[in-house]
Amino acid sequence: MSVTIKIHKDSKLTKSTVLSTLDNFEHHGELIGTGYRNVIKILDIEGERYNIKGFKVPNLVNKIVYRFFRKSKAERSFLYAERLLKSRILTPKPEAYIEYKSLFFFGKSYYISKQLEYDFTIRKLIDEPECDDYDNILRQFTQFTFKLHEKGIHFLDHSPGNTLIKKTDSGYDFYLVDLNRMNFKTLTYDERLANFARLSPKDYMLDIISDEYAKLINKPHEEVKERMYFFSNKFSSGFKKKEAFKKKYYFWRKKKN
């Protein structure tokens, strides 16, 4: 099994420290989330805090696809982070990506970024609709998403946990994470509005988001709101059907604690 290590030119990491860290990855570090699919941990390396995402080993077909035909999730995360920063879109600083490959198959891969200390995510607005500065945070987030769209960035995993938010003296800074699914192109009107569908089925959130986005694109609020509701309901319906299917046909699968 060969290993490919790509370290960012501005990173303090070395190949030896990366390999040493990954050798102990399973038993060290602070686990973020359940680790059921991908494993995300915070680790200290020579006095610095890093976020390391270990991607699940792909299925047999994708072992071949990622070996020969497509960039891995780890490499895409690294490259997309660089591209975002060049476009002045915030994301935790990319440090390195690592891939393990055999002659014919792709194995494990890792993406390392600098650990970002943030205040909350958009999920806070779902869980705490009475939180301070709710309307302003949501409108600034909508402005941030509009900025993505104007720059031709289609973030396909635009969901509640994938935007980290830091409070600043002048407002809020928004950082994108979980970067491996993106397109870079001119977005259509419907693609722009559908990009909010994963965020929340809560009407009161969509009312604010649609109001702010309508102002930004100079469209009637009712028109924008109607389309956002449509895409949100469509996503929610599809998600529920998918979960019901999994529950019925994959009941034998057990999640890790």
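For this chain, numbers begin at 1 and follow the sequence in order. On a predicted model such as this, the values are computed, not experimentally measured, just so you know.
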Legend entry - Donor-acceptor pair, side chain of S72 and main chain of Y66, under 3.5 angstrom: no

Legend entry - Pair D211 + R139: basic N to acidic O under 4.0 Å: yes

Legend entry - F146/H149 aromatic ring centres below 6.0 Å: no

Inset, instruction - Apply salt bridge (Lys or Arg N to Asp or Glu O under 4.0 Å) to the pair R192 and E150, showing each step before the final yes or no. - result: CA-CA 10 Å; R192 286 169 174 252; E150 289 293 287; 2.6 Å; yes

Inset, instruction - Find the distance between CZ (R67) and CD1 (I64) and round it off to the nearest 0.5 Å. - result: 11.0 Å

Legend entry - Candidate pair K185 and E191, rule salt bridge (Lys or Arg N to Asp or Glu O under 4.0 Å), full reasoning: CA-CA 11 Å; K185 63 174 189 173; E191 284 174 333; 2.5 Å; yes

Inset, instruction - Please round to the nearest 0.5 Å and tell me the distance separating atom OG of S232 and atom CG of L193. - result: 12.0 Å

Legend entry - Between CD1 on residue I153 and CZ on residue F155, distance to nearest 0.5 Å: 10.5 Å

Inset, instruction - Give a yes or no on whether a salt bridge exists between D127 and R123, defined as a side-chain N under 4.0 angstrom from a carboxylate O. - result: no

Legend entry - ILVMFWY cluster, I217 and I209 together (side-chain gap under 4.5 Å): yes

Inset, instruction - For L199 and P160, work out which heavy atoms get closest and say how close. - result: O-CG, 3.0 Å

Inset, instruction - Validate the cation-pi geometry between K219 and Y189: distance from NZ or CZ to the six-membered ring centre under 6.0 Å, angle to the ring axis within 45°. - result: yes

Legend entry - NZ/NE/NH1/NH2 to OD/OE distance under 4.0 Å, D157 and R181: yes

Inset, instruction - Check whether any side-chain N or O of S11 sits under 3.5 Å from a backbone N or O of I7 as a donor-acceptor pair, and report yes or no. - result: no

Inset, instruction - Could you tell me whether K53 and D178 make a salt bridge, using a distance below 4.0 angstrom between a side-chain N and a carboxylate O? - result: yes

Inset, instruction - Look at the side chain of K151 and the backbone N and O of R88, then say whether any donor-acceptor pair between them is shorter than 3.5 Å. - result: no

Legend entry - S77 and its side chain to side chain contact (heavy atoms under 4.5 Å, CB included) partner, picked from Y97, Y110, F55: F55

Legend entry - Within the 6.0 Å centroid threshold, strictly below: Y172 and F144: no

Inset, instruction - Start with the C-alpha gap between T17 and S20, add the side-chain angles, then the distance that decides, and say whether side chain to side chain donor-acceptor pair (under 3.5 Å) holds. - result: CA-CA 5 Å; T17 57; S20 175; over 6 Å; no

Inset, instruction - Can you measure from CD1 (I45) to NZ (K114) and round to the nearest 0.5 angstrom? - result: 10.5 Å

Inset, instruction - Using the rule that two of Ile, Leu, Val, Met, Phe, Trp, Tyr join whenever any of their side-chain heavy atoms come within less than 4.5 Å, decide whether F231 and L216 are in one cluster. - result: yes

Inset, instruction - Before giving the answer on salt bridge (Lys or Arg N to Asp or Glu O under 4.0 Å), spell out for E48 and K12 the whole-Å C-alpha distance, their side-chain angles and the decisive distance to 0.1 Å. - result: CA-CA 9 Å; E48 300 282 349; K12 296 178 182 178; 3.5 Å; yes

Legend entry - Stepwise salt bridge (Lys or Arg N to Asp or Glu O under 4.0 Å) check, D119 with K124: CA-CA 10 Å; D119 295 304; K124 177 183 176 73; over 6 Å; no

Inset, instruction - Give me the one residue out of K93, R49, E95 that meets side chain to side chain contact (heavy atoms under 4.5 Å, CB included) with Q115. - result: R49

Inset, instruction - Provide the closest heavy-atom pair for L13 versus A96 in the form atom of the first, atom of the second, distance. - result: CD1-CB, 4.5 Å

Inset, instruction - Drop me the distance from T145's OG1 to Q140's CD, to the nearest 0.5 angstrom. - result: 12.0 Å

Inset, instruction - Please answer whether the main-chain N or O of S159 pairs with a side-chain N or O of R198 as donor and acceptor at a distance below 3.5 Å. - result: no

Legend entry - Parallel, tilted or perpendicular: ring planes of F196 versus Y213, cut at 30 and 60 degrees: perpendicular

Inset, instruction - Please confirm whether the backbone N or O of A214 pairs with a side-chain atom of N218, one donor and one acceptor, at under 3.5 Å? - result: no

Legend entry - Derivation of the side chain to side chain contact (heavy atoms under 4.5 Å, CB included) call for N51 and Y111: CA-CA 8 Å; N51 186 293; Y111 171 60; over 6 Å; no

Legend entry - E30 with K41: basic N within carboxylate O range, under 4.0 Å: no

Inset, instruction - Look only at the side chain of N59 and the backbone of N62, and say whether a donor-acceptor pair between them is shorter than 3.5 Å. - result: yes

Legend entry - Atom pair CD1/CG of I122 and L138 - distance to nearest 0.5 Å: 6.5 Å

